[in-house]
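Since the structure comes first, as structure tokens, the remarks are kept for the end.
Computed from a prediction, not measured in an experiment: that's the story for all the values here. Atom set for the values below is all heavy atoms of this structure, side chains included, hydrogens, waters and symmetry mates excluded.
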Amino acid sequence: MTDPRLPSDPRTLIEPRTLKGFRDHLPPQALAREGILDIARRVYRSYGFVPIDTPALEYLEILTGKGSDETDKQLYRFTHGGREVGMRFDLTVPLARFAAQHIGTLGIPFKRYHMATVWRGENTQRGRYREFMQCDFDTIGTTSPLADLETVLVVHDLLSAIGLESFTIRINDRRVLSGILERLGLADRSTVVLRALDKLGKVSPEGVAAELAGHGIDAAASADLLKLALLSGSPDSVLDALEPLAGGTAPGRAGIDSLRALLDGAGQADVPAGRIVVDPSIARGLDYYTGLVLESFLDELPALGSICSGGRYDNLAGLYTKQHLPGIGASLGIDRLLAGLEELGRLETRETAADVFLVYFDEAHRGNYLRIAAALRRAGMAVEMAAEPKRVGQQLKVASKKGFPLALDIGRDEFAAGTAQCKRMKSQHSTVIDWHGDVPVLVKAVAAELAAVRLGG
RNA sequence: GUGGCUAUAGCUCAGUUGGUUAGAGCACUAGAUUGUGAUUCUAGGGGUCGCGGGUUCGAGUCCCGUUAGCCACCCCA
């Protein structure tokens with residue numbers, strides 16, 4: 001195996017395979033992925049978020065600093081050259097380090113997006129991998145309610161732009177939960193209580209009650225908590241019902257008011273009613289959330305879990321700097337989303353990113369094909385010319401299979417007559433273009449066909 | 001990390017109480033015909049039955065291990 005040009009001894013062949021939870025991305029999937037990344041980039045930028053990037057590897061102490069044993073267990077780590085190194089398991093911790101290190105030159109508020117791969121050595125499942133990508137956006141250095149609203153609007157715009165027909169953004173405010181916990185004298189038990197309540201989507205209320213009892217929560221308190229977590233209905237009705245449960249405490253009051261203001265703002269920003277739901281059971285296990293928390297689900301596939309979640313935190317970088325940096329952000333789980341779209345059959349599977357397939361009909365006209373392809377590309381179209389002048393039927397078949405919207409077909413007879421056949425592959429509809437050797441005329445006609453096809457021709 | 005289910009050709013799957021050279025459809029390749037995605041005809045390639053052990057005269061089939069996928073717990077995107 002030292003020289004790849006030599007045939008290998010079959011006995012020494014290494015089996016090509018990927019690690020558990022790690023995957024190759026073939027062109028159809030990779031194209032879909034890039035399409036969503038493009039949309040995310042566009043939406044984030046449309047709100048003024050700017051890109052950053054950070055290394056995949058960090059000093060281990062940076063990553064373990066937050067010290068939850070769960071993330072610790074999942075962390076990929078190794079020693080290299082005497083240094084303890086870890087692979088990032090999310091983009092928030094690197095952001096915290098980044099902010100602590102650079103906030104002086106960044107200015108506040110700082111709005112960044114970061115789309116990158118992260119690694120977690122946990123067990124795999126559908127839509128859950130050990131290597132996956134997150135598309136984060138965060139606003140740090142401000143506690144403005146406008147930043148909260150903007151976060152929800154970005155999530156809404158993003159999921160809409162991806163073309164999801166039905167999704168729900170479920171929001172809550174940690175302070176509502178803190179309020180009721182304070183009233184019940186359970187403030188110091190918040191983590192176990194929130195974890196238990198967070199399961200309500202999957203576990204029955206009785207099951208959750210049993211878990212709470214297991215943590216020594218008395219029945220009356222448990223009933224109150226469940227009543228709160230099970231509230232549903234229109235956002236207004238849920239908020240009204242929250243009043244007696246949590247409105248009497250200072251944090252509860254602040255949380256409810258903040259949610260009201262947020263829903264109000266979303267309405268003013270033209271978010272359709274029903275898209276945002278107040279769900280008091282949304283807690284998110286992460287301890288560092290202090291205000292708004294949000295999750296979003298595909299309505300047709302709720303079991304897939306949240307595809308975009310986030311929330312507000314008080315002190316992003318407290319481990320790395322004395323500077324107080326509050327912030328808010330959310331993260332799109334693109335791999336989970338893609339798994340969901342694929343399951344719903346909603347994933348467009350093309351094997352080409354090009355618009356026009358140029359049939360290589362007649363070898364004698366090679367120069368003309370090259371000239372035409374170049375002109376089409378200058379006009380902004382992506383063109384693939386067949387590599388060999390094989391049988392026309394064969395070429396068209398391949399073009400159709402690969403998902404080209406158009407095939408341009410010009411043979412000896414067409415060149416003589418000054419015409420071209422432009423085929424819409426999907427509808428098998430063919431248009432004859434009269435161009436009489438005038439390439440700009442041809443280009444314009446092909447562009448028109450492409451536009452028509454994109455409109456559903 | 002714990003438990004359950006699964007693994008046969010590129011894809012979808014057959015394969016009898018364990019019994020000859022492991023099959024089908026689709027896909028693929030080449031040829032014939034045709035200047036156009038189709039039809040038809042002919043020929044062909046492709047599987048160490050996930051991998052490694054064991055039981056047996058004999059294993060795709062039974063047992064153990066392992067790897068991967070799915071599901072539940074846990075956690076989360």
Side-chain angles (χ1 to χ4, degrees), chain A residues 10-11 13-23 26 36 40 68-75 89-92 115-136 155 191 194-196 198-199 201-203 207 211 282-287 294-298 303-310 329-340 343 357 359-362 386 389-404 406-417 420-430 432:
Chain A
R11 286 167 307 181
L13 274 181
I14 297 165
E15 188 191 348
R17 58 192 185 137
T18 51
L19 286 165
K20 181 185 177 75
F22 290 70
R23 305 159 303 151
L26 273 62
I36 290 176
S68 124
D69 8 326
E70 198 58 44
T71 50
D72 248 38
K73 252 179 8 198
Q74 300 179 351
L75 191 65
F89 56 87
D90 73 5
L91 300 178
T92 304
M115 308 195 291
T117 306
V118 303
W119 297 270
R120 292 183 196 173
E122 66 176 335
N123 233 335
T124 55
Q125 234 167 87
R126 175 185 52 164
R128 262 173 88 152
Y129 312 99
R130 288 182 170 175
E131 177 179 71
F132 60 100
M133 192 174 250
Q134 293 192 322
C135 307
D136 277 34
V155 171
T191 301
L194 297 184
R195 286 231 166 109
D198 211 27
K199 286 178 200 158
K202 293 174 141 187
V203 179
E211 182 168 342
I282 299 288
R284 312 220 20 83
L286 271 25
D287 298 334
L294 68 96
E295 299 190 342
S296 33
F297 296 85
L298 301 178
L304 189 68
S306 175
I307 50 167
C308 188
S309 7
S331 178
L332 172 73
I334 187 171
D335 294 280
R336 181 175 284 187
L337 172 64
L338 285 167
E343 186 167 341
F357 181 84
V359 176
Y360 191 177
F361 213 127
D362 183 351
K390 292 216 267 191
R391 289 207 309 267
V392 176
Q394 190 90 171
Q395 293 188 44
L396 289 171
K397 195 172 167 186
V398 170
S400 175
K401 208 188 92 192
K402 286 195 172 180
F404 285 86
L406 289 183
L408 189 60
D409 195 348
I410 314 173
R412 198 179 307 121
D413 297 349
E414 281 81 4
F415 276 116
Q421 292 180 54
C422 190
K423 293 174 183 297
R424 301 181 185 182
M425 297 313 276
K426 212 166 176 183
S427 63
Q428 303 199 18
H429 171 268
S430 183
V432 175

Using the P atom as the point on both nucleotides, what is the distance between B/A7 and B/A32, in whole Å? 44 Å
Quantified in whole Å, what is the C1' atom distance between nucleotide B/U12 and nucleotide B/U6? 16 Å
Atom CD of A/Glu343 to atom C1' of B/C71: distance rounded to whole Å? 12 Å
Whole angstrom is fine here: how far is it from CG in A/Leu337 over to C1' in B/C76? 16 Å
Those residues that, when tested against A/Tyr129, pass side-chain contact (heavy atoms from CB on, under 4.5 Å) (two or more places apart): A/Arg23, A/Asp335, A/Ala339
Roughly how far apart are A/Ile307 CD1 and A/Ser331 OG, rounded to 0.5 Å? 11.0 Å
Please report the distance separating the P of B/U42 from the corresponding atom of B/G25, rounded so that it comes out in whole Å. 13 Å
Separation of A/Leu19 atom CG from B/G50 atom C1', in whole Å? 16 Å
For A/Phe132, what residues pass the ring-ring contact (aromatic ring centres under 6.0 Å, His included) criterion, not counting sequence neighbours? none
Taking 4.0 Å as the cut-off, does a side-chain nitrogen or oxygen of A/Lys20 come that near to OP1 or OP2 on B/U67? no
Output the distance between atom NZ (A/Lys402) and atom NZ (A/Lys397), rounded to the nearest 0.5 Å. 14.0 Å
Please give, in whole Å, the distance from B/C76 C1' to A/Phe132 CZ? 7 Å
Contacts of type side-chain contact (heavy atoms from CB on, under 4.5 Å), residue A/Ala399, not counting sequence neighbours: A/Phe357, A/Phe404, A/Met425
Measure NZ/A/Lys390 against C1'/B/A30 and give the value in whole Å, please. 10 Å
In terms of the nearest nucleotide of RNA chain B, which residue is placed more toward the 5' end: A/Ile334 or A/Val398? A/Val398
Apply side chain to side chain donor-acceptor pair (under 3.5 Å) to A/Glu343 and list each qualifying residue two or more places apart in sequence or on a separate chain. A/Arg126
Rounded distance in Å between the C1' positions of B/G15 and B/U20: 15 Å
dist A/Ser306:OG -> A/Leu294:CG (nearest 0.5 Å) comes out at 7.5 Å
Under 4.0 Å between any heavy atoms, over every strand shown, what does A/Cys135 touch: base, sugar-phosphate, or nothing? Just pick one. nothing
Could you write nucleotides 1-7 of chain B as a row of B, S and -, 5' to 3', where a protein heavy atom under 4.0 Å of any base atom gives B, of only sugar-phosphate atoms gives S, and otherwise -? BB-----
Can you check the distance between B/C70 and B/U21, where both ends of the measurement are the C1' atom (answer in whole Å)? 36 Å
Taking the P atom in each of B/A22 and B/U39, what is the distance between them to the nearest angstrom? 32 Å
For A/Leu19, the side-chain contact (heavy atoms from CB on, under 4.5 Å) test, sequence neighbours excluded, returns A/Phe22
How does protein contact run along nucleotides 32-49 of chain B, one letter per nucleotide 5' to 3', with B for base contact, S for sugar-phosphate only, - for none, heavy atoms under 4.0 Å? --BBBBS-----------
Applying a 4.0 Å non-hydrogen cut-off, can you work out what A/Gln125 is touching in the nucleic acid: base, sugar-phosphate, or nothing? base
Quick check: do A/Met133 and A/Val118 have side-chain heavy atoms less than 4.5 Å from each other? no
Show me, range against range, the stems involving RNA chain B, built from at least 3 consecutive Watson-Crick or G-U pairs below 3.5 Å. B:1-7 with B:67-73, B:10-13 with B:23-26, B:28-32 with B:40-44, B:50-54 with B:62-66
NA contact type, A/Gly21, heavy-atom cut-off 4.0 Å: base, sugar-phosphate, or nothing? sugar-phosphate
Who are the salt bridge (Lys or Arg N to Asp or Glu O under 4.0 Å) partners of A/Glu131, not counting sequence neighbours? none
Nucleotide nearest A/Tyr129 when distance is taken to its side chain, options B/A77, B/A30, B/C73: B/A77
Pick the C1' atom in B/G53 and in B/U17, then give their distance to the nearest Å. 25 Å
For A/Gln421, the side-chain contact (heavy atoms from CB on, under 4.5 Å) test, sequence neighbours excluded, returns A/Asp409, A/Glu414, A/Lys423, A/Ser430
May I ask you to say what A/Arg336 touches in the nucleic acid, namely base, sugar-phosphate or nothing, with a heavy-atom cut-off under 4.0 Å? base
Looking only at side-chain atoms of A/Arg126, point me to the closest of B/C70, B/C76, B/U67. B/C70
Whole Å only: how far is the CG atom of A/Leu294 from the P atom of B/C76? 15 Å
Out of B/C75, B/A72, B/A77, whichever nucleotide has its closest atom nearest the side chain of A/Arg128: B/C75
With A/Asp362, which residues qualify under salt bridge (Lys or Arg N to Asp or Glu O under 4.0 Å), at least two apart? A/Arg412
Taking the C1' atom in each of B/C62 and B/U55, what is the distance between them to the nearest angstrom? 8 Å
Pairing residues for A/Arg130 by the salt bridge (Lys or Arg N to Asp or Glu O under 4.0 Å) criterion, not counting sequence neighbours: none
Tell me the interatomic distance from A/Asp335, atom CG, to B/A77, atom C1', rounded to whole angstroms. 8 Å
